[in-house]
Each structure stands twice: as C-alpha cells, then as structure tokens.
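Side-chain atoms are counted along with the backbone in the values below, which use heavy atoms only and exclude waters and symmetry mates. Along the sequence shown, residues are numbered consecutively beginning with 1.
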Amino acid sequence: MSLAKFLLRRFFQGIFVLWGVVTVMFGLRALSPGDPVNLIAGQVPDQATRDQIRQDLGLDQPMYVQYLDYLGDLLTGSLGYSYNQRRAVNDIVVQHFAATVELAVAATIVAIVIAIPLGVVSATRRNQPADYGATLGSLVGISTPNFWLGLMLILLLAEGAGLFPTSGRSVAFHEGVISLVTTGSPSDLLEWLRYIILPAVTLGTYFTALITRLTRSGMIDELGKPYVAATEAKGLPNVLIRYKHVLRNTLIPIVTVLGLQLGTLMGGAVITEEVFNWPGLGQMFITSLRNGDWPVVQGIVLFIAVAFVVINIFVDALYARLDPQVMDE
C-alpha cells in the first residue's frame with residue numbers, strides 16, 4: 001500500500017471517530033438536567049421572552065432536528081454559541097487553546113529530555129545502582145497522582161521556598177517571544193518559564209516514567225540482537241553503537257507513544273490546569289461543566305478529539321517512514 005492510500009484510510013477512520021465523539025456528546029447534552037434558557041434568561045418571568053429565546057436557539061425543535069442542525073453548524077466550522085458567556089464557542093476555544101498547547105508541549109519536552117537519557121543509562125548499566133535508581137524513580141512517577149504531586153510542588157517550592165508562583169500565567173509564550181524580538185529583553189520569556197515549570201513537571205511526571213521504561217526495555221531488547229555483536233566485532237565505539245544504531249531502532253515505539261501521549265496530555269491537562277489555575281481548555285471545560293454550558297463543553301471535547309486525530313495521523317505517517325511494513329499490516 002502506498003503512503004497516500006495509507007494516510008487516506010487513516011483520515012476516514014479519523015472522521016468516523018469524530019462523528020462518534022460528536023454523537024456521544026450530543027446524547028449526553030440531551031440527557032443532562034437543566035434548561036439552557038435559564039442560563040440566558042435568568043430570572044426573567046416573561047414567558048414570551050423565554051419562548052423567543054428557546055425558538056432562537058432551536059430548542060423547540062425535535063431532538064433529531066437539533067442533532068442535524070448541530071452537524072450542519074459543525075460542517076460550516078461553527079461550534080455553537082455559549083449560553084453563559086454569550087459569545088461564539090470558537091472564540092472561547094481559540095482563546096484558551098494556546099495555554100493548553102504550551103503546557104502539553106512543555107510537559108512533553110520535560111519527559112523527552114529526562115526520560116530518554118535516563119532509559120539509555122538504565123539499560124546500558126543493567127542491574128547496577130544507576131539502573132535501580134532509574135527503575136525506582138519511574139515506578140514512583142507512574143504511581144504518583146497528578147493532583148497530589150501538584151499540591152506538594154506548590155506547598156514545597158512555591159509557598160515554602162518561594163522559587164515559583166503558586167498559580168496562573170502572567171504572560172503567554174508568544175508574548176514573551178515577541179518581547180524578546182522587539183526589545184531584546186528575555187524578561188517576559190523568563191517570567192513565562194517561572195509560571196510553567198511546576199505545571200509542566202506535574203503533567204509530565206507520569207509521561208517521563210513511561211518513556212523511561214519504554215526506552216530501557218527497548219534498549220535491552222536491541223542490545224541482545226546479533227547486529228550489535230557484529231558492530232562491536234568491527235571495532236565501532238560503544239557510544240556510537242548505542243546512540244546511532246541501537247537507540248534509533250528503539251525510537252520507533254517511543255515515537256508512537258510520544259504522539260499518542262501528546263494528545264492525551266492535551267485532554268488530560270484538566271486536573272493540572274485546575275490545580276495551578278492555568279487558563280487552558282481544561283480549566284474552561286470544568287467551569288463550563290459546572291455552569292451547564294454544554295455548547296462550550298461539546299466544543300472543547302470535539303476540539304481536543306480533532307487534535308488527537310490529527311496527531312495520530314501525523315504519528316502514523318512518521319511511523320510509516322521509519323517502518324514501511326506497517327502500511328501493509
């Protein structure tokens with residue numbers, strides 16, 4: 001199968017997944033208690049006004065008509081209208097998307113920088129103190145709940161030592177970059193870094209532990225293969241063998257997990273954003289769910305699902321380049 005056909009098949013599979021997400025979320029909205037008109041009209045007793053709002057929102061139509069109207073709006077790129085904030089859901093998603101991406105990418109970078117070297121050292125020094133330490137650290141990382149770790153970091157490093165802010169985000173990443181380019185001062189970028197370190201470490205800890213284990217097990221499998229002994233017999237330096245040949249073959253499953261986890265991080269940042277008051281999609285999702293603002297809830301879930309599907313297609317393309325046999329499986 002060619003790469004184009006492989007990716008086209010993945011694309012249609014992704015469309016089917018998104019349709020499933022849209023349908024499930026619409027069903028949950030239909031089953032949820034509460035009347036959206038109350039969010040907009042508040043305590044207005046005028047029944048005529050309330051009926052007019054219901055008609056304007058299309059809530060007086062049968063459920064299947066509302067479903068088809070919603071699908072039609074999605075096809076035009078509209079995610080709907082927020083009952084609570086009274087503005088387009090597209091604007092709300094765009095406003096908070098950048099903060100979530102910043103956090104997910106920062107957590108991924110933390111994981112890659114720490115996990116891959118740690119996994120390599122653990123595998124090449126198997127059953128030695130470095131291996132025991134890395135294995136114990138990865139076990140603790142996988143077992144530690146995000147919300148507990150976040151609270152401990154706030155208590156020890158923010159409240160106790162005063163090294164980092166406790167919550168929020170004073171400046172966005174792109175604003176820091178613009179300030180660096182226009183003024184030459186890195187102060188805004190450093191300020192952004194101070195705010196994102198604790199949330200990124202909190203969100204990336206589980207991911208770091210997972211990649212460390214994958215790297216270690218993959219390296220151990222590869223180091224036992226005949227081609228490694230053959231390259232050693234040729235006199236190649238151990239560093240070259242480990243990092244050029246063995247690590248490259250180990251990276252194939254890791255790349256897959258990296259892509260999948262990046263989508264998971266975007267969706268799973270809800271707790272971390274809530275703990276650190278990080279103004280991303282996760283925090284907005286919780287707020288909208290509490291207020292019964294279903295158009296925003298649906299929009300955020302669908303947006304994350306789209307990001308997840310796109311990332312998976314990109315990972316599939318990268319995986320197919322590294323191992324063309326996957327296109328025939």
Side-chain angles (χ1 to χ4, degrees), residues 96-122 130 132-177 186-216 254-255 257-286 304 307 311:
H96 294 84
F97 174 63
T100 295
V101 170
E102 287 176 14
L103 184 55
V105 171
T108 303
I109 292 173
V110 168
I112 292 174
V113 169
I114 296 175
I116 291 181
L118 199 59
V120 172
V121 170
S122 180
Y132 295 142
T135 303
L136 178 62
S138 62
L139 179 63
V140 172
I142 286 179
S143 307
T144 305
N146 269 8
F147 71 91
W148 183 85
L149 178 61
L151 292 175
M152 289 301 102
L153 290 176
I154 290 174
L155 185 64
L156 297 175
L157 300 181
E159 292 284 355
L163 298 176
F164 302 99
T166 55
S167 63
R169 183 185 70 158
S170 65
V171 61
F173 175 74
H174 70 277
E175 294 171 343
V177 173
S187 58
D188 285 347
L189 207 53
L190 293 175
E191 184 69 2
W192 170 83
L193 195 61
R194 287 184 65 244
Y195 276 86
I196 202 171
I197 283 179
L198 293 188
V201 170
T202 301
L203 187 60
T205 296
Y206 174 84
F207 195 23
T208 303
L210 180 64
I211 297 299
T212 300
R213 286 190 164 194
L214 281 175
T215 306
R216 180 184 182 275
I254 294 176
V255 167
V257 173
L258 279 172
L260 294 175
Q261 287 296 320
L262 182 58
T264 304
L265 286 177
M266 290 183 61
V270 175
I271 295 175
T272 302
E273 289 184 1
E274 187 70 7
V275 170
F276 288 94
N277 196 26
W278 188 261
L281 289 175
Q283 190 190 48
M284 179 50 60
F285 176 83
I286 295 291
I304 291 175
I311 290 170

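Residue Leu136 holds its CG atom at 11.0 Å from OG of Ser122, rounded to the nearest 0.5 Å. Between the CG atom in Leu139 and the OG1 atom in Thr135 there is a gap of 9.0 Å [rounded to 0.5 Å]. With rounding to the nearest 0.5 angstrom, the CG atom of Leu156 is 10.5 Å from the CG atom of Leu151. Rounding to the nearest 0.5 Å gives a distance of 15.0 Å between CH2 of Trp278 and CE of Met284. Taking CD1 from Ile197 and CG from Leu153, the interatomic distance works out to 11.0 Å, rounded to the nearest 0.5 Å. To the nearest 0.5 angstrom, Thr208 atom OG1 is 5.0 Å from Ile114 atom CD1.
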Derivation of the side-chain contact (heavy atoms from CB on, under 4.5 Å) call for Leu189 and Val177: CA-CA 6 Å; Leu189 207 53; Val177 173; 4.1 Å; yes

Full working for side-chain contact (heavy atoms from CB on, under 4.5 Å) between Gln283 and Asn277: CA-CA 7 Å; Gln283 190 190 48; Asn277 196 26; 2.3 Å; yes

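For the pair Arg169 and Ile196, the minimum side-chain heavy-atom distance is 4.5 Å or more. The shortest side-chain heavy-atom distance between Glu273 and Pro199 does not fall under the 4.5 Å cut-off.
Here the shortest heavy-atom pairing between Thr100 and Gly282 reads OG1-N, 4.2 Å. The heavy-atom pair separating Gly150 from Val275 by the smallest distance is C-CG1, 4.2 Å. Closest heavy-atom contact between Ser138 and Arg213: OG-NE, 3.6 Å. Residue Leu103 comes nearest to Ala200 through the heavy atom pair CD1-N, 3.7 Å, listed as atom of the first residue, atom of the second, then distance. Between Ser143 and Pro145 the shortest heavy-atom distance is O-CD, 3.4 Å. Contact record, Leu198 with Phe276: CB-CE2, 3.6 Å, taken as the closest heavy-atom pair.
With respect to Ile116, the side-chain contact (heavy atoms from CB on, under 4.5 Å) criterion is satisfied by exactly one of Ile211, Leu214, Thr212: Ile211.
The backbone N or O of Phe173 sits less than 3.5 Å from a side-chain atom of Glu102, completing a donor-acceptor pair.
Checked against side chain to side chain contact (heavy atoms under 4.5 Å, CB included), Thr166 has the following partners two or more places apart in sequence or in another chain: Ile154, Ala158, Glu159.
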